[in-house]
Peer 1: 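Just passing along the structure, written as structure tokens.
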Amino acid sequence: MKPQRLVVFPPRHNGAVGYYALRFHDAGSGRAWLNRVLSLITCLDIDAGERKGDGPQVQFGLTFKGLALLELPEPFLRTLARMSPAFAGGAALRAPYLGDSGTSAPSHWEPAFRPSHPWPDLKEAVPVHALLHVFATDQPSLDRILGDLKKTFPDPDEGRYPEPSKASKPIPRVPPEFLPLATDPSPIQRIQKGGDDYVHFGYRDGLTRVVLDGVGDRAQSAPAGASAVEAQVHNRGEFLLGHVNNGGANPWSLATAPEQMRRFFRDASFGVLRKIAQDVALFEDFVTSAAKRLQAARFNSPVSREYVKAKLCGRWPDGRAFDAGGEGPSGSYNIDFSNDSRGLACPFSAHIRRMNPRRDGNAGAPSPEAAVVHLRSRPLMRRGLPYGPEFDPNAAKKAADKDKAVAQPERGLMGLFFCASLEDQFESVMASWVERLPLGYPGPSDAKDPLAGNHLEGPGFPFPLDNATTVTLPMPAFLQTKGMVYALYLGKEGLTLLARNNWEGEDLGDEY
Amino acid sequence: MATATRRGFDPLELTGEADPARRNRVLFDWICDDQDRASLYTWLQQRGNASPYPFHSRARFELDPAPLKDDHGAVSGSKVYLVWERSQIEHILQNTDTYGNLPYADIGSGGFMLGLDPDANQDLHGKQREALKAVLEPWQAETSRASLQAPCELAVREASVMALRNRHFDLADFAEQAALRFCIRLFGFSSADHALLEETLRKAYRGMNYQMLGRHFLYEPLTLPASREALGRLATRVAQLMDDYHHVARYPRWDERPNDPRSAQRTLPEGVEPLSDVGLSCPEPIIPALANYFPPRTVPPAAQPELTFQERAIVVSGTLPGIVANIQASVCIAMDYILADPKRQIRCLQALRNGNSGALQDAIKEALHLNPPAPYLPRRVRDGCNDVQLGGQTLHAGDELILLLGAGTRTAPAAGCPSGRGHWGEDRLVFGLTPGPAGASAPSPHWCPGDILARTLIEEILRQTLLLPGLGRRIDPISGDPMPLEKRWGFACERFPLVYRRDKLRAHQGLNVVMRIKSPQSEHVERIKRVIVSGAPRIEQALRNARHVHFAFFELIDNDTKLVLHTIYDGDFDDYINHFALAVDDLFDRLFPSLEGAPPLPVRDFPREFVETIRRYNVAPVADYLFSAYPRVEVPHVRANQQNGLLP
């Protein structure tokens, strides 16, 4: 079992991080390049106890069009298209279903993410073939790795293996084109406060610890300082193809397929790269005005901005859960809705109650029908990182006072999610849990996730004041999807098979 | 991924080309493409020469209307002039004595198309035009404008039932259906006339397109006969309805009875729905109003119209195709313009949410200014006219002209010409001027009979579409590109694929899996019944836990040869059925051995195959129509309210 490291563990280094969209010149060049960089892509032999993967980390995912360009055999492509229509169709095709409309519609995405031609601002119209992520300790180290990856082929014969029979004369090999997905003045960078990671909206990040059953000790993937957070353990099949999932099924068992196809897909994971621009100034203004409005609604009993942020997210900005009264933080980082079946402490519409349903007050009730949480948890391995400079309210205010025309550098979240089923996990979470009526909410609302939904439309956030009263806060559209790519992050074996292009000796007659 | 792309606009292709057929082809390619057409207009304006631009037509003119066999009596290649300059267009539109719109006569409809060609003897068209003006007046009056909103809203709502039933929808279809539904009420048709109107108006409009533009570039011998036949059928039906209206007004269908709930229908032709039934109070519909129309006494007796029902019916059949198609085109063009710029879309959306349609009206105006819904008007120098000069070009009797309204709107009105802008500030080449006291003194260059009506409906269709959750362009599954607005010959809007979050307006979906029972049938039927009886508590529990199934039951049909599983559930098919595969897999493991076409078993080991089998045998409801009394209420919503004691 040798999946890519990032699917199983958080990145070891993120002092300097680069995300790139890759476009291959042709099949031969693409395979030759992959063959050459294969050893740089970090895969871990987990069953053999390999854990850390010292040194910088390179991760690599291929889109459906990329796999087709590298001449993955037809039966493999057909199997992929049948098993994962979302992956085969591509992210842009599915985006409207996930709430990407208006400014977030695929036709307005950044050029690197746009699906195909004809785009006036691209000289050559080619879709994204692959994604590459480099995690290094510092910038010089990242540049060095990138130099290695981009290196031209000094010897035209290099990487021609295993096609000697075809090559009567040297064929020029061209390295892929690299398009950085976050560049100056908005590179991918961590926001740290007191040793903890934060996101632009001021919430502590990396608190959810999703781990694979039987993979490493549970503390391995715990972020620093969060050892008190309980790990959520899932079967491997929730993230890796060819393994049993939480429901006890193995959709990618491919029981009747040739051995080579099973080996190719085993340990692969579907990844979603979603770049979301965040208008932090607009969000902070909204929080301030919401606090004033709630204060008025609560007969002038003080309402802090932190409190508003906590209700939107479902936990306090520093990560702590709500106390029993729902008015202040508890001492714990662990979330449990056992005593909050009416969503008064953590609102039903809050970010974490939608994105990661946990036990609710009725889980232990004699009748399971009393529970309102989702029966099927749809776990995602989240590996997102913020991009762009940290928001400084004072600098922003000064800039606004001085010259309103000065544009703030873009900032946001470079979301990266891994799962074994795009349709059943990522898309369900986005299309239903983020964009639709929250489960359990009894009122007439179709509110969206306050921190992840597209607020171009929608009635706002239903803020529970007490058992009987709810104030609806209109939400400004502070998010904009800049682009999205679906990619398959193959395991070591799959990458090797693809790079070597050695499919002979197998009957690959059909899809499975 | 390379695709063949046509070369863009290059004037050298026109000026440097000697072959008139090749020039004709190049010109047509440009006219069909929005971007090239805009470049062509700019080039015409910057040429430094205001004269109409000539080209050789491919249209065939019959020398002998009934040629002998093998006598190729048709000729083509005559010169046609593109008139692009605003003042020339306005001049032509106003000088109906010199420039007639006779090319429309070939479409049928008795030659009536806005009735611009005065008849030398009786001025039949003039009388028809006066009649239409008179019956439209109550609808156009200031006092009616507010009450117009209700029938527009109703028409759009009715059209949305079918047009918006799937998340992928066609705005051109939606707009056309809304316009049709509106016109059925406006004119006083029966709702059963919907199919007739749909078919005949499409054929008639295609004929209009052909006469406006197509015939100069393409040869379609069947288009005009089809259009004439369609308009003939339509005019006949309208004449019949007029007769019915006229008759039942004098001889009601039944005697008056006290407390008769259907009393409003006594004086309406069969199948016509009283407006009061749908809560509308509107002026009299056009068809009965035309049937009962008498000219005002102020008109001199010589001008008294003595129009027959057939001549009055032609007013309707000659007007309807343009009304419906121009509404459809205006909606599509405006939406295309709004979606091109997300900031504009947001501006319109936010204003609409606040009950303000100003931003939307502005966007419509800007869009139609660049691309008018009816961008080409055919004109012909009247027979018997002397040679006329136009922009330095000498025109002879019989010469054909195409007025490029889309180019005219791009040139500013002449200084000191206050009439350059119409009633609501938009270009009068787009909607013309509203007839009325203000416009009476200055003749309108391009009178649009449906002016106010069309505007209200266009705005309403756009309003309801923009407010759809998750609205966006549909993405082409092959190329990955957003799908464009498809226009025939660059202007007739045929298809505009869009997408929206259907599930946010109606969460419920139906699943009806029909599978044949294996032979020996009687044994398997008994077995299935036993499995269902013994498994019922298990099904009950699994579906309760699933929290997205409203109803589920099994049915044996076709003399017990098929088993049907019916369910109504919330959300997405894949979500639902994936869950099913895992939640009640053992039940299906026991049912499938009795059914033909079963997937490999056990279900738990082949979940994807199970989903594919269910998808294959799922029978969608007829026309994908599903009624729900509470479309946005989902199972957990009901549950939560039950727990709170708000529901039993």
Side-chain angles (χ1 to χ4, degrees), chain A residues 65 82-83 89-90 92-93 95-97 99-108 114-119 125-127 247-251 253 255-256 341-342 348 362 368-372 374-376 421 423-424 427-428 431-432 435-437 439-442 444 446 454 456-458 477, chain B residues 1-3 5 167 339-343 345-346 349-350 353 467-477 479-482 499-501 503-504 507 541 544-547 571-572 574-575 578-579 581-583 585 600 603-608 612 632-634 636-637 639-641 643-644 646:
Chain A
K65 286 187 171 157
R82 185 173 63 82
M83 301 280 282
L93 196 63
Y97 174 59
D100 286 335
S101 60
T103 44
S104 296
S107 42
H108 306 304
R114 286 187 201 168
S116 174
H117 58 89
W119 301 112
V126 191
N250 180 359
S253 62
T256 54
S341 63
R342 298 200 167 186
F348 285 116
N362 295 298
E369 67 187 84
V372 291
H374 311 257
L375 189 71
R376 163 107 172 84
S421 169
E423 298 85 354
D424 205 28
E427 291 194 343
S428 262
S432 289
E435 282 285 320
R436 278 188 26 209
L437 181 78
L439 279 193
Y441 179 66
D446 48 10
N454 178 354
L456 184 59
E457 56 206 22
Chain B
M1 296 299 293
T3 53
T5 48
R167 67 188 171 107
L339 290 184
D341 178 357
K343 286 182 185 151
Q345 185 187 355
I346 293 171
L349 198 57
Q350 284 171 345
R353 282 219 197 90
L467 288 171
L468 290 174
L471 179 76
R473 288 173 195 269
R474 196 170 156 193
I475 302 289
D476 185 328
S479 71
D481 296 330
V499 60
Y500 82 111
R501 288 289 304 265
D503 58 329
K504 298 194 94 177
Q541 188 195 11
R544 275 185 190 286
N545 284 346
R547 296 176 203 120
D572 185 69
D574 284 296
D575 274 10
N578 271 323
H579 168 81
L582 300 177
D585 57 326
V603 168
R604 185 159 292 267
D605 290 347
F606 300 94
R608 185 57 68 171
E612 289 307 317
R632 291 166 68 192
V633 179
E634 301 183 29
H637 205 159
R639 286 278 182 75
N641 277 301
Q643 284 180 26
N644 289 344
L646 297 173

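Numbers restart at 1 for each chain; the letters A, B, ... are given by sequence-line order, proteins then strands. Computed from a predicted model, the values in this text were never measured in an experiment. Excluded from the calculations below are hydrogen atoms, water molecules and symmetry mates; all remaining heavy atoms, backbone and side chain alike, are included.
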Peer 1: In terms of heavy-atom pairs under 4.5 Å with chain B, which of G90(A), P251(A), S104(A), G102(A) leads?
Peer 2: G102(A)

Peer 1: Looking at A507(B), P469(B), G472(B), which makes the most heavy-atom pairs under 4.5 Å with chain A?
Peer 2: P469(B)

Peer 1: When rounded to the nearest 0.5 angstrom, what is the spacing between OG in S432(A) and NZ in K504(B)?
Peer 2: 10.0 Å

Peer 1: Pick one of side chain, backbone, both or neither for S253(A), based on which atoms fall under 4.5 Å of a heavy atom in chain B.
Peer 2: side chain

Peer 1: G99(A), A105(A), G248(A): which one forms the most heavy-atom pairs within less than 4.5 Å of chain B?
Peer 2: G248(A)

Peer 1: Which pair of non-hydrogen atoms, one from L456(A) and one from I346(B), has the smallest distance, and what is that distance?
Peer 2: CD1-CG1, 3.1 Å

Peer 1: Ignoring hydrogens, what is the shortest heavy-atom contact between H108(A) and A340(B)? Give both atom names and the distance.
Peer 2: CE1-O, 3.6 Å

Peer 1: With sequence neighbours left out, write down each residue that passes salt bridge (Lys or Arg N to Asp or Glu O under 4.0 Å) with R167(B), or none if nothing qualifies.
Peer 2: none

Peer 1: Could you tell me whether a side-chain N or O of R501(B) sits under 3.5 Å from a main-chain N or O of A431(A), the two making a donor and an acceptor?
Peer 2: yes

Peer 1: Name the region of R474(B), side chain, backbone, both or neither, that has any atom closer than 4.5 Å to a heavy atom of chain A.
Peer 2: neither

Peer 1: Would you mind checking which part of L471(B) comes under 4.5 Å of any heavy atom in chain A, side chain (CB onward), backbone (N, CA, C, O), both or neither?
Peer 2: backbone

Peer 1: At a heavy-atom separation under 4.5 Å, does L339(B) approach chain A through its side chain, its backbone, both, or neither?
Peer 2: backbone

Peer 1: Under the side chain to side chain contact (heavy atoms under 4.5 Å, CB included) test, which residues partner E427(A), sequence neighbours left out?
Peer 2: A86(A), R94(A), Y97(A), L98(A), E423(A), Y486(A)

